[in-house]
Amino acid sequence: MRRTWTAAAMVVIGLVAVGCNTQGSGGDADSLTGSIEIDGSSTVFPISEAVAEEFGKENSGVNVRVGQSGTGGGFEKFCAGDIDITDASRPIKDEEKKVCSDEGIEHVELKIAIDGLSVVVNTENDFAECLTVDELKKIWQPGSTVKTWKDVKADWPAETIKLYGPGADSGTFDYFTGEIVGEEGASRSDYQQSEDDNVLVQGVEGDQYALGYFGYAYYKENTDKLKVLGVDSGNGCVTPSDETIKGAEYTPLSRPLFLYISTQALEREEVQEFVTFYLDNVDALLEDVGYIPLPADQLDASKQTLKDATA
């Protein structure tokens with residue numbers, strides 16, 4: 001199941017349709033029918049796509065579509081009632097809650113996994129190994145005067161830094177700017193932006209002096225093409241890994257990932273079955289897509305939240 005995501009492939013499958021044939025807790029095989037619309041975070045996309053694919057091996061009567069318009073774009077569609085589930089790499093914002101409420105959309109929030117935002121450079125970069133939070137802020141803050149690597153550290157080369165990162169609709173953008181710059185959405189704008197993390201991977205891969213950031217899974221899937229940097233938040237340099245992310249050592253860029261499901265959609269059997277399948281199988285699929293399982297008590301809490309919502 002291990003996947004290598006390419007920008008071309010993602011454009012072609014911008015919306016992935018997966019046929020499903022479930023033997024869920026509520027019925028016999030082949031008895032479930034309907035459709036489920038999912039959109040949102042490009043970070044969470046590989047998880048939901050993998051779950052939909054596995055769900056489809058047991059189900060033929062349910063059509064599950066998984067798109068990726070970014071966390072912010074997903075919440076826009078979700079609160080408009082256009083989709084049943086939205087993937088999110090950050091919690092829903094108060095203003096988004098209000099839009100949902102105004103439109104009569106109630107929701108259930110479920111934690112599903114852990115991510116560690118990864119700061120990466122080109123594999124030919126032989127000088128940078130670690131950046132402090134202050135150095136990252138100096139590079140990415142609004143009005144930054146950093147143009148070259150030498151502007152970051154005096155003994156680094158006077159070569160122009162080509163920056164790559166997610167756009168403003170991305171939950172990754174919100175989380176990174178909040179933790180590194182100190183204010184969500186506060187960022188320099190003169191960088192290559194994309195909601196498709198594969199575009200960012202290709203950008204950093206193709207430029208010797210590039211620097212970028214995105215979800216851990218996209219680094220882990222491209223370790224032969226990228227070099228990951230450690231981050232020093234005050235207690236020494238720590239590089240993202242399964243162990244440092246799960247153990248909360250990789251700070252401040254470790255974060256939970258979420259599903260939001262509308263309560264209206266949860267009234268439908270196919271949605272209940274799919275989300276139940278998701279929580280029951282997500283841990284087994286995370287290794288294939290490159291993210292970290294939740295602690296058992298947190299996953300159990302998500303399962304209980306779903307049980308309470310569908311009681």
Side-chain angles (χ1 to χ4, degrees), residues 40-48 50 68 70-75 78 85-94 96-97 107 109-120 131-133 136-137 140 164-187 195 197 200-201 212-221 228-235 237-260 278-279 282-283 285-287 289-299 301-302 305:
S41 168
S42 62
T43 300
V44 184
F45 171 85
I47 307 174
S48 290
Q68 52 165 338
T71 296
F75 278 125
F78 184 74
I85 299 170
T86 191
D87 297 330
S89 58
R90 59 159 172 80
I92 189 170
K93 296 179 179 179
D94 288 343
E96 291 164 337
K97 288 181 182 179
H107 66 267
E109 176 190 276
L110 303 176
K111 288 184 182 179
I112 56 165
I114 306 172
D115 179 28
L117 291 188
S118 300
V119 180
V120 299
L131 288 168
T132 68
V133 169
L136 284 168
K137 179 178 181 178
W140 285 99
Y164 294 85
D169 274 343
S170 169
T172 299
F173 172 84
D174 288 333
Y175 191 87
F176 184 88
T177 52
E179 294 296 325
I180 297 300
V181 180
E183 178 185 350
E184 277 194 13
S187 175
E195 307 300 340
D197 293 328
L200 305 180
V201 168
Y213 69 91
F214 37 74
Y216 177 64
Y218 289 87
Y219 160 68
K220 194 172 178 181
E221 196 68 37
V228 71
L229 300 185
V231 175
D232 185 350
S233 60
N235 296 309
C237 190
V238 179
T239 55
S241 69
D242 291 12
E243 293 74 23
T244 60
I245 295 169
K246 187 171 185 177
E249 300 167 43
Y250 182 63
T251 61
L253 294 180
S254 295
R255 58 173 179 172
L257 302 175
F258 302 89
L259 287 185
Y260 287 82
Y278 203 121
L279 295 182
V282 64
D283 278 3
L285 297 172
L286 286 174
E287 182 177 354
V289 297
Y291 291 113
I292 311 302
L294 288 171
D297 61 334
Q298 293 187 31
L299 183 59
S302 289
T305 296

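All residue numbers refer to positions in the sequence shown, counting from 1.
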(request) Check the pair Tyr291 / Leu257 against side-chain contact (heavy atoms from CB on, under 4.5 Å), numbers first and verdict last. (result) CA-CA 10 Å; Tyr291 291 113; Leu257 302 175; 4.1 Å; yes

(message) Can you confirm whether more than 12 heavy atoms, excluding those of Asp297, are under 6.0 Å from its CG atom?
(response)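 Yes.
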
Might you point out which heavy atoms bring [X] and [Y] nearest each other, and give the distance in Å?
X	Y	answer
Val44	Ala88	CG2-O, 3.6 Å
Leu294	Asp283	N-OD1, 4.4 Å
Pro46	Val289	O-CG1, 3.5 Å
Glu195	Ser42	O-OG, 3.1 Å

(message) I want to check something: taking the side chain as every heavy atom from C-beta on, are Val238 and Thr251 in contact at a cut-off of under 4.5 Å?
(response) no

(message) Could you work out, with ring-ring contact (aromatic ring centres under 6.0 Å, His included) as the rule, every residue matching Phe75, not counting sequence neighbours?
(response)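 Applying ring-ring contact (aromatic ring centres under 6.0 Å, His included) to Phe75 gives Tyr260.
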
(request) Among Asp87, Asp115, Thr86, find the one that has a side chain to side chain contact (heavy atoms under 4.5 Å, CB included) with Ser41. (result)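 Output: one option passes, namely Asp87.
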
Please check this pair: side chain of [X] against backbone of [Y], looking for a donor-acceptor N/O pair closer than 3.5 Å.
X	Y	value
Ser89	Thr172	yes
Ser170	Pro166	no
Ser118	Gly116	yes
Tyr218	Tyr213	no
Tyr250	Leu117	yes

(request) Can you run down the side chain to side chain donor-acceptor pair (under 3.5 Å) pairs that involve residues 173-183, sequence neighbours left out, and say none if there aren't any? (result)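 Only Arg90-Asp174, Lys93-Asp174 qualify under side chain to side chain donor-acceptor pair (under 3.5 Å).
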
Got a second to check how far [X]'s [atom1] is from [Y]'s [atom2], nearest 0.5 Å?
X	Y	atom1	atom2	value
Ser233	Leu131	OG	CG	13.0 Å
Ile114	Arg255	CD1	CZ	12.0 Å
Leu286	Ile292	CG	CD1	8.0 Å
Leu259	Leu110	CG	CG	6.0 Å
Ile85	Phe78	CD1	CZ	8.5 Å
Glu249	Ser254	CD	OG	9.5 Å

(message) As a quick check of understanding, evaluate side chain to side chain donor-acceptor pair (under 3.5 Å) for Tyr278 and Ser48, giving each step before the final call.
(response) CA-CA 8 Å; Tyr278 203 121; Ser48 290; 2.8 Å; yes

(message) Does Thr239 form a side-chain contact (heavy atoms from CB on, under 4.5 Å) with Thr244? I'd like the steps, not just the answer.
(response) CA-CA 7 Å; Thr239 55; Thr244 60; 5.6 Å; no

(request) Report the C-alpha distance between Phe214 and Tyr164 in whole Å, list the side-chain angles of each, state the deciding distance to 0.1 Å, and finish with yes or no for side-chain contact (heavy atoms from CB on, under 4.5 Å). (result) CA-CA 9 Å; Phe214 37 74; Tyr164 294 85; over 6 Å; no

(request) Classify the side-chain pair Ser302/Thr305 by whether it contains a donor and acceptor separated by less than 3.5 Å. (result) no

(request) Tell me, with the steps shown, if Leu253 and Val231 meet side-chain contact (heavy atoms from CB on, under 4.5 Å). (result) CA-CA 9 Å; Leu253 294 180; Val231 175; 4.2 Å; yes

